[in-house]
Amino acid sequence: MLAQFYLPTVGGEERHVHDLSVALVARGYDVVLATLWHEGKPEFEIDEGVRIYRVRGSMQRIALLFSEKGRQHSPPFPDPEVLRSLRRIIEHERPDIVHAHNWMVHSFTPLKAWSRAKLVVTLHDSSLVCPQKRYMYHEAVCSGPSLAKCLSCAAHHYGVAKGVPTTLANWVAQRGERHVVDMFLPVSQAIAEVTQLDTHTTPYRVIPNFVANDIGQLHETEETPLLTLPQGGYLLFVGDVRRDKGVEVLLHAYAGLDTALPLVLIGRLVQDFTQQMPPNVSILPSLPHSAIMQAWSRCTIALVPSIWLEAFGIVAIEAMAMGRPLIASRIGGLSDIVVDGETGLLVPPAEPLALREAMRTLLADVALRTRMGEAARERVNAFREDMIVPRIEQVYRELVQK
């Protein structure tokens with residue numbers, strides 16, 4: 001496995017890499033993970049059966065370029081020190097499959113022919129074609145990449161000093177990547193489309209992220225974080241509190257909603273978010289995963305109002321697993337998850353009036369909420385570990401046999 005981040009850094013991509021690695025160990029595979037070293041972590045350890053190598057990169061020494069507070073990122077080109085470290089790891093471990101999950105793949109591609117390993121890349125976002133990885137152009141979903149457009153957009157997003165080299169490097173690297181990757185695994189049909197896999201006749205299979213087999217079962221959690229939740233029903237959003245997650249749209253929709261139910265936002269308050277909160281809205285900091293699942297189980301309606309191209313939307317799966325009816329934007333991978341009118345409601349992104357009307361519809365109909373919640377719980381079965389991991393194993397087997 002190649003991934004720039006690993007636990008304790010927690011996001012959808014990091015959780016997928018961890019859960020897949022542990023699941024493969026349980027199925028009898030030898031799993032080695034190479035990830036970037038971060039302060040306070042050992043350079044090598046074995047955790048849950050996964051052999052973890054943490055490697056240092058040249059770009060980690062240039063903090064202004066590929067880093068943010070507490071985290072260093074892989075660049076969209078080979079990092080010399082990471083490449084050398086990967087060569088040593090491959091000489092020692094002799095992998096049959098290298099499964100990459102982000103731009104760290106570029107430090108392996110020069111080694112691919114020498115290693116004789118097959119290369120699988122899971123696309124968790126649009127970074128194959130989009131240097132800012134979000135497929136947004138001036139706060140709207142991009143209509144498609146072009147070099148001039150990407151240069152302008154990345155310069156605006158990152159600043160010229162980082163945006164221009166990032167775009168040029170990614171523009172060149174993605175062409176080479178398409179030629180050396182044996183199989184791309186986009187996590188949704190939307191990601192397959194925006195990364196133009198069909199256009200380039202690139203081998204791929206859409207394989208979504210997965211959740212634990214026991215996802216719908218509540219586990220013991222410390223009660224203290226839950227004491228701040230409202231007693232009784234509430235509307236719930238979980239995720240970074242930022243514009244592209246649709247929080248401004250949600251607040252606008254909620255402000256005009258005639259309901260006594262409070263709106264709860266659980267997540268990290270991001271700097272680009274400055275909107276004032278309407279009455280009856282509370283923001284709670286990020287909670288442990290077990291506490292979040294408890295929060296989903298107690299809410300009345302789950303909300304995922306993203307305005308950016310969500311690659312998948314694991315948070316939607318978790319809400320549905322707790323039997324909650326879901327209102328989500330009809331965008332990206334969310335359309336692969338939510339069956340409109342059955343497991344929840346899909347609304348156009350960035351349209352607060354449509355979102356408000358959907359909330360009114362569910363709040364007014366207890367029977368509909370119950371029926372959708374039950375259907376949502378059933379829908380989650382398609383995304384459980386026992387359904388998804390065998391599909392990834394099948395890809396491995398086919399490639400090794402070639």
Side-chain angles (χ1 to χ4, degrees), residues 1-7 9 13-14 17 20-21 30-39 41-46 50-68 71-125 127-131 133 154 158 161-185 202 396 399-400:
M1 294 285 173
L2 294 181
Q4 61 185 354
F5 303 134
Y6 196 63
L7 302 184
T9 300
E13 183 177 312
E14 291 77 34
V17 174
L20 177 58
S21 298
D30 287 330
V31 180
V32 175
L33 169 77
T35 186
L36 293 179
W37 177 84
H38 284 80
E39 188 71 36
K41 301 303 293 183
E43 293 188 353
F44 177 79
E45 67 175 330
I46 299 176
V50 181
R51 298 196 293 279
I52 303 170
Y53 293 85
R54 293 184 175 88
V55 302
R56 299 172 190 260
S58 302
M59 291 300 103
Q60 291 178 285
R61 308 180 195 282
I62 311 174
L64 293 177
L65 286 180
F66 298 98
S67 69
E68 58 182 293
R71 302 202 298 180
Q72 285 80 39
H73 298 259
S74 294
F77 50 81
D79 182 298
E81 288 182 74
V82 173
L83 189 152
R84 286 198 298 271
S85 295
L86 290 181
R87 186 180 183 95
R88 289 194 298 270
I89 293 168
I90 291 167
E91 281 181 329
H92 179 68
E93 299 287 353
R94 301 291 182 183
D96 299 303
I97 298 283
V98 171
H99 190 161
H101 295 268
N102 42 53
W103 278 346
M104 199 164 173
V105 68
H106 299 306
S107 293
F108 169 74
T109 50
L111 303 172
K112 203 244 182 187
W114 164 81
S115 73
R116 298 186 178 180
K118 301 295 185 179
L119 178 57
V120 177
V121 175
T122 290
L123 297 175
H124 296 275
D125 53 34
S127 56
L128 184 64
V129 297
C130 176
K133 305 184 180 184
Y158 292 121
K162 179 179 176 181
V164 171
T166 297
T167 300
L168 293 176
N170 197 51
W171 197 261
V172 172
Q174 61 113 340
R175 281 156 176 72
E177 187 177 348
R178 292 181 190 275
H179 285 96
V180 300
V181 172
D182 295 289
M183 185 68 71
F184 283 105
L185 303 181
T202 308
Y396 294 165
L399 292 178
V400 168

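Side chain of Glu14 to main chain of Phe5: no donor-acceptor pair is present (N/O by atom type, distance under 3.5 Å, no hydrogens or angles). Lys112 places a side-chain N or O within 3.5 Å of a backbone atom of Val180 that can act as its donor or acceptor partner. Between the side chain of Arg116 and the backbone N or O of Ala113 there is no donor-acceptor pair closer than 3.5 Å. Judged by distance alone, with hydrogens and angles left aside, the side-chain atoms of Asp79 form no donor-acceptor pair with the main-chain N or O of Ser107 at under 3.5 Å. Not one N or O on the side chain of Tyr6 forms a donor-acceptor pair closer than 3.5 Å with the backbone of Leu33.
Residues Val129 and Asn170 share a closest heavy-atom pair of C-ND2, 4.1 Å. Among all heavy-atom pairs drawn from Leu399 and Lys118, the shortest one is O-CE, 3.2 Å. Between Ser58 and Glu81 the shortest heavy-atom distance is OG-OE2, 3.0 Å.
Side-chain contact check for Arg178 versus Leu128: some heavy-atom pair is nearer than 4.5 Å. Taking the side chain as every heavy atom from C-beta outward, Arg51 and Phe44 approach each other to under 4.5 Å. Within the 4.5 Å cutoff, no side-chain heavy atoms of Ser74 are placed close to those of Val82. The closest side-chain heavy-atom distance from Val17 to Thr35 is not below 4.5 Å. His92 places none of its side-chain heavy atoms less than 4.5 Å from the side chain of Arg88. Between Thr167 and Tyr158, every side-chain heavy-atom pair lies at or beyond the 4.5 Å cut-off. Inter-residue side-chain proximity for Ile52 and Lys41 is flagged as unmet; no heavy-atom pair is nearer than 4.5 Å. Looking at Leu168 and Val164, their side chains come closer than 4.5 Å, going by heavy atoms from C-beta outward.
Annotation: the span from Leu2 atom CG to Leu36 atom CG amounts to 10.0 Å, rounded to 0.5 Å. Interatomic distance, Ile97 CD1 to Met1 CE, rounded to the nearest 0.5 Å: 10.0 Å. One finds the CZ atom of Phe184 at 7.5 Å from the CG atom of Leu119 (value rounded to the nearest 0.5 Å). A distance of 9.5 Å separates CZ in Arg94 from OG in Ser115, rounded to the nearest 0.5 Å. To the nearest 0.5 angstrom, Arg84 atom CZ is 13.0 Å from Ile89 atom CD1. Distance OG1/Thr109 to CZ/Phe77: 12.5 Å, rounded to 0.5 Å.
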- Task: Apply side-chain contact (heavy atoms from CB on, under 4.5 Å) to Leu111 and Val98, showing your working.
- Result: CA-CA 11 Å; Leu111 303 172; Val98 171; over 6 Å; no
- Residues Phe108, Ile90; criterion side-chain contact (heavy atoms from CB on, under 4.5 Å); working and verdict: CA-CA 10 Å; Phe108 169 74; Ile90 291 167; 3.5 Å; yes
- Message: Run the side-chain contact (heavy atoms from CB on, under 4.5 Å) test on Asp30 and Glu93 for me, step by step, so that the C-alpha distance in whole Å, both residues' side-chain angles and the decisive distance to 0.1 Å come before the verdict.
- Response: CA-CA 9 Å; Asp30 287 330; Glu93 299 287 353; over 6 Å; no
- Are Val31 and Leu20 close enough, and set up right, to give a side-chain contact (heavy atoms from CB on, under 4.5 Å), and what steps lead you there? CA-CA 10 Å; Val31 180; Leu20 177 58; over 6 Å; no
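Looking at residues two or more places apart in sequence or on another chain, you find a side chain to side chain contact (heavy atoms under 4.5 Å, CB included) between Ala173 and His106. Scanning for salt bridge (Lys or Arg N to Asp or Glu O under 4.0 Å) contacts around Arg54 gives Glu45, with sequence neighbours left out.
Remark: of the listed residues His124, Glu13, Lys133, Glu13 is the sole one forming a side-chain hydrogen bond (donor to acceptor under 3.5 Å, both in side chains) with Asn102.
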